[in-house]
Each structure stands twice: as C-alpha cells, then as structure tokens.
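Just below is one structure, and these are the notes that go with it.
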There are 2 protein chains.
Amino acid sequence: MIDGELSRRDQLVRAAFALVAEAGLEGLRLRRVAAEVGIDQSTLHHHVATKAALVAAVAEHAAGLLATTAPPAHLPPAAALRAHLDALADLVARRPELFTVTAELDLRARRDPSVRAVVERQEAGWRAVLTGLFTALGEADPAARTELVIAAVKGVRLVPDLAPLVLAQLGATDRTG
Amino acid sequence: MIDGELSRRDQLVRAAFALVAEAGLEGLRLRRVAAEVGIDQSTLHHHVATKAALVAAVAEHAAGLLATTAPPAHLPPAAALRAHLDALADLVARRPELFTVTAELDLRARRDPSVRAVVERQEAGWRAVLTGLFTALGEADPAARTELVIAAVKGVRLVPDLAPLVLAQLGATDRTG
DNA sequence: TAGCGTCCATCCAGTGATTGATGGGGAGCT
DNA sequence: AGCTCCCCATCAATCACTGGATGGACGCTA
C-alpha cells in the first residue's frame with residue numbers, strides 16, 4: 001500500500017474479477033481466487049469476510065471502471081455524448097471482460113441485495129448523465145433515448161465485435177445516421 | 001402423451017424452466033425439479049440423462065417460445081416489423097420469466113457448447129428475419145439496424161417495464177419517432 | 001542490546017452441508 | 001414372468017467456512 005503495490009484485498013478482488021470473467025459467478029471458487037494470489041484459501045477469509053462480500057467488492061471494482069466513461073463536464077452536450085459513446089466503445093474493445101462481468105452481476109443482482117445496491121447506484125449515475133445530455137440536446141423524450149442507449153449497450157455487452165456498429169447508431173441526434 | 005397431458009420429460013423441462021427463472025441456472029437443483037413434478041430425484045435421471053441435457057432442453061423450450069414472435073410471412077415489411085415488435089412487447093409483458101431465462105442462457109452459452117448451439121441457432125433465425133425486413137424496407141444499413149434491435153431487446157430483458165418504451169423507438173423507419 | 005510479549009498473516013487439517021449420480025429392490029400392469 | 005416406472009439408501013466429490021498452530025515483525029523495558 002505504501003508504494004504502488006496493491007493491498008492483498010485488492011489483489012484478491014482483481015483475481016476474483018478475472019475469474020468471474022473466465023468462469024462466471026457460478027464458477028467462482030474461493031480456493032482458486034486465493035491460489036491466484038498465492039495464498040491459502042483460509043487466509044482469504046482474513047481479508048474478505050465472506051464470498052458474498054468478495055462478489056460485492058468485485059461489483060464495486062467494475063462500477064469504478066465503468067465510471068471512467070463519464071464525459072468531462074466542460075464539454076458541450078453533443079460533444080459530451082460523442083465522447084461518452086466513444087469511451088464506451090473503447091472500453092468494450094480494450095476490456096471486454098469488464099462487460100462480461102457486468103452481465104454476470106446484472107443477473108446476480110436479482111437475488112443478491114448487496115450486489116443489487118452497487119449495480120443500481122452505478123446505473124442511476126449513468127442514467128442521470130444520459131438524460132442530462134439528451135435534455136440539453138433538446139430531445140423530445142430524453143428518458144426514452146436514455147433507456148434505448150442503456151438497453152443497447154447492455155445488449156451488445158457479450159458481443160464486443162458488434163459494439164461499434166450498435167453504438168454508432170446511438171450518437172446521431174436525428175437518429176438517421 | 002396421448003391426450004393433452006405432458007410427458008414426464010416435458011413436465012421436468014417446464015419445471016426446470018420455472019426454477020431457472022426463479023433461482024437462476026446457478027440455483028438449479030435436480031432435486032427441486034423432481035420434487036416439483038412429484039417424483040424422486042433419482043427417477044429424474046430416468047427421463048433426462050444428465051443435468052446438462054436438462055439445461056439444453058430448457059434452452060430448446062425457450063427458443064420455441066421465442067419463435068412465436070416471428071411475423072406472418074404474408075404481411076408487407078412495415079406491418080411485419082410492427083407485428084414482430086408488438087408480439088415481442090406482448091411476450092415480455094405476459095411472460096417476463098422467459099426473458100430472464102434467455103438472459104441466463106446467453107451467459108451459460110459462453111461455456112456450454114450444447115447450450116450455445118441452441119442459442120446460436122435461435123439467434124441466427126431471428127437475425128435473418130430482421131435483416132430481411134429492414135432490407136425490404138430499403139434501410140441503408142439493414143445489418144446495423146438488426147443488431148440495434150437485437151441489442152436493445154436483450155438489454156431490456158431484465159426490466160420488462162421499460163420494454164415498451166425501448167421497443168417503440170425501434171419500429172419507426174425514419175427512426176425519429 | 002538483549003529479552004519478553006503482542007499482534008498479524010499464514011498454513012494445515014477438518015467441519016457439516018449439499019451436490020450430482022448410482023444400484024438394489026419393489027409396486028403395478030400386461 | 002416380464003416390463004415400466006418409481007423410491008430408498010447411499011455414494012464420492014465438492015462446497016464455504018472454522019480451529020489450532022507456526023513464525024515473523026514490531027514495540028516495550030531494563
């Protein structure tokens with residue numbers, strides 16, 4: 001923690017994140033997470049109390065990465081929307097596992113309250129940004145446009161190759177391009 | 001099988017379907033499936049060889065339900081697209097669990113080849129229908145429009161209340177309504 | 001500096017619960 | 001008798017989690 005190294009806890013969270021991307025939440029095993037970091041499985045419980053807590057921490061980690069795509073506040077709305085969608089497309093291309101993990105978490109959130117809390121908070125922020133942009137752009141129904149963007153992004157999450165094709169259709173204000 | 005009753009196997013598949021909708025693929029337990037039908041867990045293996053086979057059967061069942069929304073062939077393209085989207089919205093409203101299950105299956109398909117086969121076949125059919133419609137409508141980029149529709153539908157799967165709002169934006173040819 | 005005590009991270013072994021799957025044996029029908 | 005369908009008992013494997021023990025780092029006191 002003093003230097004650039006990660007804390008044990010952060011190492012574990014990242015290892016769990018990678019494992020979820022590879023094997024799904026269903027295939028997440030504490031033993032493998034611990035082994036990946038090079039510690040015993042029982043020692044893991046010393047840093048993360050329970051498996052549920054680890055999953056929640058993975059959700060926080062994912063939310064933090066997603067927040068990266070928020071457009072800078074100083075940009076005019078049209079440019080901000082473009083910047084946001086570009087950042088999204090970039091992130092999908094460079095870190096496709098992140099979106100695999102969020103897809104897993106969206107399903108888990110239906111049954112795990114602590115995961116749901118994290119997912120809902122992140123999505124509320126995203127929703128606020130988008131409606132703000134579409135309102136500033138003078139869209140007739142900013143809420144509807146917002147939900148279309150969110151749905152489209154969530155829908156292409158598992159097929160990164162198609163993301164640019166889909167995202168390109170969401171940027172144009174007149175929705176004709 | 002002779003009369004209107006379902007075969008034991010079909011009963012099991014539907015029970016598994018319902019259980020996946022409720023508890024996720026992760027929470028699918030053969031014991032509960034069997035109990036739901038009123039037979040012993042060991043007897044279940046007499047009708048469905050393995051758990052993987054049961055999941056694949058659930059995928060087939062879901063694909064069959066989804067195929068319901070295919071538009072009638074005799075309709076003109078604009079009306080056919082509207083009919084398809086309406087049928088989709090109707091299905092989301094009346095059977096939201098179906099879309100929960102397909103979301104689960106989409107994730108499972110990444111790791112289970114037999115599930116992937118079913119999911120990909122169903123999606124290929126859907127994709128063909130949509131590109132056909134958009135091509136007939138004279139769209140500039142039918143493939144792009146197709147992927148937008150698929151992504152948007154997949155994205156709202158877990159939030160049935162928002163489905164009408166999102167689907168309404170996909171029907172208009174000029175994409176301004 | 002030497003010696004003692006405390007704390008923390010780690011490991012090994014084992015807990016009870018639950019999982020998917022199997023085998024032997026019967027009930028009922030033809 | 002033979003066949004289909006079914007249940008009971010049980011298997012081996014795996015799960016998340018806990019207990020007991022070891023050892024090193026640090027601070028304190030004389």
Side-chain angles (χ1 to χ4, degrees), chain A residues 1-59 101 104-105 107-109 111-115, chain B residues 1-59 101 104-105 107-109 111-115:
Chain A
M1 285 283 295
I2 300 177
D3 49 21
E5 291 179 13
L6 294 171
S7 70
R8 262 283 126 90
R9 187 189 152 91
D10 284 342
Q11 290 181 38
L12 289 166
V13 171
R14 295 188 184 215
F17 179 91
L19 199 53
V20 169
E22 177 197 326
L25 276 167
E26 181 180 9
L28 182 64
R29 298 288 174 262
L30 297 188
R31 297 179 134 81
R32 256 196 83 185
V33 175
E36 213 76 32
V37 174
I39 66 174
D40 187 82
Q41 168 261 357
S42 66
T43 305
L44 176 145
H45 287 286
H46 202 277
H47 300 278
V48 183
T50 165
K51 188 181 188 182
L54 179 61
V55 172
V58 168
V101 172
E104 295 274 353
L105 289 170
L107 275 173
R108 170 64 64 102
R111 291 163 216 118
D112 185 329
S114 63
V115 171
Chain B
M1 287 274 298
I2 300 176
D3 48 21
E5 292 178 12
L6 295 171
S7 71
R8 262 285 126 94
R9 189 191 150 90
D10 284 342
Q11 290 180 37
L12 289 166
V13 170
R14 295 188 185 216
F17 178 92
L19 199 53
V20 170
E22 177 197 326
L25 277 166
E26 181 180 8
L28 183 64
R29 299 289 174 259
L30 297 188
R31 297 177 135 84
R32 257 195 84 185
V33 175
E36 213 74 33
V37 173
I39 66 176
D40 188 84
Q41 168 258 157
S42 65
T43 306
L44 175 146
H45 286 287
H46 200 273
H47 300 277
V48 183
T50 166
K51 189 182 188 180
L54 179 61
V55 172
V58 168
V101 172
E104 295 273 353
L105 290 170
L107 275 173
R108 171 63 65 101
R111 291 161 217 120
D112 184 330
S114 63
V115 171

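First the proteins, then the strands, lettered A, B, ... as listed; each starts at 1. Not measured: the values here are computed from a predicted model.
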Could you tell me the separation between the [atom1] atom of [X] and the [atom2] atom of [N], rounded to a whole number of Å?
| X | N | atom1 | atom2 | result |
| --- | --- | --- | --- | --- |
| B:Arg29 | D:dC15 | CZ | C1' | 10 Å |
| B:Leu12 | D:dC6 | CG | C1' | 13 Å |
| B:Lys51 | D:dA13 | NZ | C1' | 14 Å |
| A:Leu54 | D:dA16 | CG | P | 11 Å |
| B:His46 | D:dT4 | NE2 | C1' | 7 Å |

Taking the side chain as everything from C-beta on, heavy atoms only, tell me whether [X] gets closer than 4.5 Å to [Y].
| X | Y | result |
| --- | --- | --- |
| B:Lys51 | B:Arg29 | yes |
| B:Leu19 | B:Glu22 | yes |
| B:Leu25 | A:Leu107 | no |
| B:Leu105 | B:Asp112 | no |
| A:Val115 | A:Val58 | no |
| B:Ile39 | B:Leu12 | yes |

Which of residues 30-42 of chain B have a heavy atom under 4.0 Å from DNA chain C? B:Leu30, B:Arg31, B:Gln41, B:Ser42
To the nearest 0.5 Å, what is the distance between CG (A:Asp10) and CZ (A:Arg8)?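 CZ of A:Arg8 is found 11.5 Å from CG of A:Asp10.
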Working to the nearest 0.5 angstrom, can you tell me the gap between A:Glu36 CD and A:Leu44 CG? 12.5 Å
Under 4.0 Å from a heavy atom of chain A: give me the 5'-most and 3'-most nucleotides of DNA chain C that qualify. C:dA9 to C:dG14
